[in-house]
Amino acid sequence: MLNEYGIKNAEIFHNLLPAELYEHAIKYEMGSIITSTGALSARSGEKTGRSPKDKRIVRHPESETFVNWGDVNIPISEEGFNANKQKAIDYFKNQPRLYVFDVFAGWEKSCQLKVRVICSRPYHALFVSNMFILPSKVELENFGQPDCIIYNAGAESANQDIPEVTSKTSICLNLEAKEIVILGTEYAGEMKKGIFSIMNYLMPQKNILSMHCSVTEGEQGDVSILLGLSGTGKTTLSADPKRKLIGDDEHCWSDQGIFNIEGGCYAKCDHLSMEKEPDIFQAIRFGSLLENVILDPKSRVADYNDLSITENTRASYKIDYIKNSKVPCVTSHANNIIFLTCDAFGVFPPVSLLTSEQALYYFMSGYTAKISGTEVGVKEPSATFSACFGAPFMVCPPQKYAELLDEKLKTFPKVKTWLINTGWTGGGYGSGERISLKYTRAILDSIHAGTLKDETFKNFEVFNLKIPVNVSNVPSEILDPRNTWKDKEAYDLSRKKIAQMFIENFKKIKGSSLIAQVGPQL
C-alpha cells in the first residue's frame with residue numbers, strides 16, 4: 001500500500017491491534033517492557049520533549065498570507081521540504097518493517113481529516129492508535145486516499161545541507177499538500193502536535209475556533225473550556241469524576257458546538273498518584289503507553305517520582321479509558337471559559353473573573369511558565385507569553401483566533417471567563433509553593449456549580465481584575481496573593497515587573513489599543 005510513495009521493500013503492518021503492537025515492540029525494540037498494570041513502557045531516545053525551534057512550514061503563495069511568520073512559524077522552501085521528505089522515504093526503504101495507521105482527526109464529520117501515519121517503531125504506532133480516532137471496520141475498508149500524511153522517520157537525522165534546517169532535528173509541515181515530515185526526534189508528541197497545527201490552519205478558514213484546551217461537560221449539560229499550555233493542568237483538571245470528559249488537549253468550536261480533535265489523552269506523569277489523580281492513574285493499563293517512565297526492574301511497577309530520564313514523563317491512552325469520558329467526543333457551546341496560567345512569579349491570584357474584553361486580552365497574551373521537560377532545553381519554570389495559550393501550534397496570527405473567540409463571546413453573552421493560576425503562591429519559584437491542587441479543584445467546583453459568579457469580588461490592583469473574597473473550601477487568605485507573601489514590598493515590585501512584561505508583550509503582538517486598555521496599568 002506504500003508503492004505510490006516509492007516504498008516497496010519493507011513488510012507493511014496496517015492498523016495492528018494493541019496486542020500485536022505489544023508483540024512487535026517486545027521483539028524488535030530495545031527497552032520496551034510490559035508494566036505491572038499492563039501498559040507498554042517505551043523510550044523516546046535523545047529527545048524527550050518537543051523541539052519547537054526545529055519546526056518549519058513551507059512558504060507557498062496559497063497559504064503564506066494566512067501564516068503568522070516569525071520565531072514560531074519559520075519558513076522553508078518547497079525544495080527544502082521535498083529534500084527532507086525524500087530523506088524520510090529513503091529511510092523507510094531500508095527498514096524491514098513499517099507500520100501504517102489510517103485514522104481520523106476531529107470527531108465532527110464535516111471537519112474530519114483522514115490521516116495516514118507511516119512509522120518504523122511499534123511504540124509510535126501504538127501512540128497513533130491511542131491518540132487519534134480509529135475508523136470502524138467499514139470506514140477502514142472505504143478509507144481511500146488520506147487527506148494528510150505523517151512521515152515519521154524520527155530515527156533518521158534531517159538533511160542539514162538544506163539552508164533552512166539548523167540541526168539534525170526537523171519537523172516540516174506542507175500546508176498545501178497536508179504532509180508532515182519528522183526527522184531527528186523520536187518523541188511521539190510531535191505527531192499529534194503536527195496534526196494540531198494543520199487543524200489550526202484549516203479550521204479558522206471555516207470560521208471555526210481551534211483551541212489548545214481541555215473540555216468537560218456537567219450533569220446538567222453545562223460545558224467548560226480550560227485553555228492552557230502543557231503543564232498548566234488541562235489534563236489533570238479535566239479528569240473530574242463529577243463531569244464528563246470531552247477531551248484533554250485539542251478542540252474546535254463551531255456553530256454546532258465543540259468537538260475534540262483527538263481520540264485519546266497524553267497526560268504528564270511526574271509524581272502521578274492514585275490519591276491525587278485517580279482517573280489518570282487507573283487509565284494506565286493494557287493498551288496504554290508509558291513514555292520515558294522508570295520501572296522497578298523486578299516488579300515492573302512504575303516509579304512516577306523518578307524523573308531521571310526527563311521531567312516530561314508521559315502516558316498515552318484512549319479517551320474511553322477515563323470512566324467519565326463522552327464518546328463521540330462532541331458537546332454543545334461553552335458556559336465557562338477558563339484560562340490556566342502557571343505563574344512562576346507567584347503574582348497572580350488563584351482565580352479572577354474577567355470581562356469579555358479582558359478575556360480577549362489574556363487570550364492573546366497567553367501568559368504562563370514553561371514547565372521543565374515539555375520542550376527540549378527547559379530545565380525550570382520561566383515566564384513566557386504564548387499567544388492563545390498555544391503559540392507553538394497556532395499557524396495564523398493571534399488576532400485571527402481572538403476574532404473568532406470574540407464572535408463566540410458576542411453570540412453567547414452569558415459565558416463567564418475566568419483566569420486560574422495553577423502556579424506559585426507566597427513567593428516565586430524557589431521561595432513560594434505551588435498552589436494546592438485541592439484548592440484549584442474547589443475553585444472549579446464553585447465555577448461549575450454557578451455559585452462563584454455570585455460571590456463578592458474586590459479589585460486586584462495594577463491588573464484591575466475581579467477576585468473573589470470567598471470561595472467554598474478555599475482559605476480566604478490565599479485568594480489575594482499579596483496576603484501570602486511575607487515581604488509585601490517584594491510582592492509589589494514583582495507585580496509591577498510582570499505588569500510591564502504584559503504591556504511590552506502586547507505591543508509585540510500588535511493587539512488593538514482598545515483591548516490594551518483593559519490590561520495592566522502602571
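The structure presented is a predicted model; accordingly, all values stated were derived computationally and were not measured.
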Please name all residues satisfying side-chain hydrogen bond (donor to acceptor under 3.5 Å, both in side chains) with [X], sequence neighbours left out, ordered by chain then number.
| X | answer |
| --- | --- |
| Thr341 | none |
| Glu433 | none |
| Glu108 | Ser110 |

key: Test: Lys410 and Glu407 ion pair at under 4.0 Å   =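 Salt bridge: no.
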
key: Basic-acidic side-chain contact under 4.0 Å: Lys53, Asp71   =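 No, no charged N to carboxylate O under 4.0 Å.
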
Give a yes or no answer on whether the side chain of [X] reaches the backbone of [Y] with a donor-acceptor pair at less than 3.5 Å.
| X | Y | result |
| --- | --- | --- |
| Trp69 | Glu64 | yes |
| Ser210 | Met203 | no |
| Thr37 | Ile284 | yes |

key: Distance under 6.0 Å and angle within 45° of ring axis: Lys496 vs Tyr491   =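 Relative to the ring axis of Tyr491, which defines the angle, Lys496 lies outside at least one limit.
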
ask   = Does Lys47 count as lying over the ring of Tyr187, i.e. NZ or CZ under 6.0 Å from the six-ring centre, within 45 degrees of the axis?
value =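 Because its charged atom misses either the 6.0 Å distance or the 45° angle limit, Lys47 does not stack over Tyr187.
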
query = Which residue pairs satisfy the salt bridge (Lys or Arg N to Asp or Glu O under 4.0 Å) criterion with at least one member in residues 224-245, sequence neighbours excluded?
reply =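 Those involving residues 224-245 are Asp222-Arg243, Lys234-Asp249, Asp240-Lys242, Lys242-Asp445.
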
Pairs of donor and acceptor atoms involving the side chains of residues 342-350, under 3.5 Å and at least two apart or interchain, shall be tabulated with distances.
| from | atom 1 | to | atom 2 | distance (Å) |
| --- | --- | --- | --- | --- |
| Asp343 | OD1 | Phe345 | N | 3.1 |
| Asp343 | OD1 | Tyr367 | OH | 2.5 |
| Asp343 | OD2 | Gly346 | N | 3.4 |
| Asp343 | OD2 | Val347 | N | 2.6 |
| Asp343 | OD2 | Phe348 | N | 2.8 |

task = Could you note down all residue pairs passing ring pair (Phe, Tyr, Trp, His ring centres under 6.0 Å) where residues 302-325 supplies at least one of them, sequence neighbours left out?
result =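 Not a single pair qualifies under ring pair (Phe, Tyr, Trp, His ring centres under 6.0 Å).
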
